[in-house]
Amino acid sequence: DGGITQSPKYLFRKEGQNVTLSCEQNLNHDAMYWYRQDPGQGLRLIYYSQIVNDFQKGDIAEGYSVSREKKESFPLTVTSAQKNPTAFYLCASTWTATNEKLFFGSGTQLSVL
Amino acid sequence: SQQGEEDPQALSIQEGENATMNCSYKTSINNLQWYRQNSGRGLVHLILIRSNEREKHSGRLRVTLDTSKKSSSLLITASRAADTASYFCATGRSRGGGGADGLTFGKGTHLIIQP
């Protein structure tokens, strides 16, 4: 099946801990994105990558880091510097040089213990 | 602030009725897209309308775009219980909307279809 897979579905973070959210796609998409969604809110862009080994900050990058070592993978690390990490995190991908038709994963709910 | 803003925030109708949601945006766009999100799930792309189009249909969905008013509407006809979800409009982050630098989403309209 072609698609975009996020794991885990639920994740708990302790104070001062870094946690990493996984995002893998087999759609051969060049561009990948991480969004954060708070209850009753729209999506806010954290980071995006248009090509392997390159990525740019979105609107709320502070406290987060990413890597793009492979075309298929775009992991997001929520660092201890992110003081309010509890949210629903969504990964998306699409073809290069367009903002048309993003494909989304099923999301990871991150909570603080 | 968000590029797109949906209205109303919540809408509850009877099954079989039509549902209309509106979206307003602020800057020039290349296209406007609508997405659906079921509770606790990812978003699913529904339909895209380009800036030079005024109306587009896809099954029970009808989207209109008025670039002079910077607004769009999504109409779902003959609603079903399975249409219960949140609906978001989205536009490109960059002025003009081109490129692959991601989309800006509104806060969404939560639609409830009463059986």
Side-chain angles (χ1 to χ4, degrees), chain A residues 3-7 9-10 21 23 25 27 29-51 54-61 66 68 74 87-111, chain B residues 1-10 21 23-51 53 56 58 63 85-110:
Chain A
I4 182 165
T5 302
Q6 289 186 241
S7 63
K9 188 165 179 61
Y10 300 98
L21 285 62
C23 178
Q25 54 96 1
L27 300 167
H29 287 165
D30 289 294
M32 297 187 74
Y33 309 86
W34 274 106
Y35 283 92
R36 169 179 172 142
Q37 185 178 30
D38 293 281
Q41 300 295 311
L43 280 66
R44 291 184 290 169
L45 183 65
I46 305 172
Y47 268 98
Y48 66 99
S49 169
Q50 298 182 355
I51 197 169
D54 189 40
F55 49 83
Q56 285 78 40
K57 293 181 179 180
D59 300 317
I60 56 164
V66 293
R68 187 83 187 280
F74 191 41
F88 191 53
Y89 291 85
L90 287 159
C91 181
S93 66
T94 191
W95 295 275
T96 301
T98 175
N99 278 320
E100 299 181 6
K101 194 172 183 180
L102 266 60
F103 290 75
F104 282 83
S106 56
T108 293
Q109 175 63 51
L110 175 63
S111 302
Chain B
S1 61
Q2 296 285 348
Q3 164 77 312
E5 291 292 341
E6 293 87 351
D7 171 62
Q9 290 186 350
M21 289 157 271
C23 170
S24 60
Y25 58 92
K26 296 178 181 175
T27 62
S28 61
I29 61 170
N30 187 43
N31 63 70
L32 185 142
Q33 303 173 47
W34 285 91
Y35 289 79
R36 183 188 74 220
Q37 183 181 33
N38 290 90
S39 181
R41 305 290 296 175
L43 278 68
V44 174
H45 181 269
L46 294 176
I47 194 166
L48 179 152
I49 186 165
R50 301 191 185 281
S51 58
E53 297 175 311
K56 199 164 184 178
S58 177
V63 170
S86 292
Y87 292 81
F88 296 87
C89 67
T91 56
R93 289 175 67 241
S94 302
R95 185 176 292 273
D101 59 348
L103 298 175
T104 298
F105 292 82
K107 294 182 179 180
T109 291
H110 185 49

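These figures come from a predicted structure and were not determined experimentally. Numbers restart at 1 for each chain; the letters A, B, ... are given by sequence-line order, proteins then strands.
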- Without swapping roles, check the side chain of T109(B) against the backbone of P8(B) for a donor-acceptor pair under 3.5 Å. yes
- Neighbour count >12 (heavy atoms, 6.0 Å) for atom CD, Q9(B): no
Could you tabulate the donor-acceptor pairs under 3.5 Å formed by side-chain atoms of residues 38-47 of chain B, not counting sequence neighbours?
residue, atom, partner, partner atom, Å
N38(B), OD1, R36(B), NE, 3.4
N38(B), ND2, T84(B), O, 3.4

What part of [X] lies closer than 4.5 angstrom to a heavy atom of chain B: side chain, backbone, both or neither?
X: L90(A); result: side chain
X: D59(A); result: both
X: Q41(A); result: both
X: Y35(A); result: side chain

- Query: Side chain, backbone, both or neither: which part of Q37(B) has a non-hydrogen atom closer than 4.5 Å to chain A?
  - Reply: side chain
- Check the side chains of H29(A) and T94(A) for a donor-acceptor pair under 3.5 angstrom, ignoring hydrogens and angles. no
- Of the listed residues (Q6(A), Q37(A), Q109(A), K9(A)), which shares the most heavy-atom pairs with chain B below a 4.5 Å separation? Q37(A)
- Task: Measure centre to centre between the rings of F74(A) and F55(A), then say whether the value is under 6.0 Å.
- Result: no
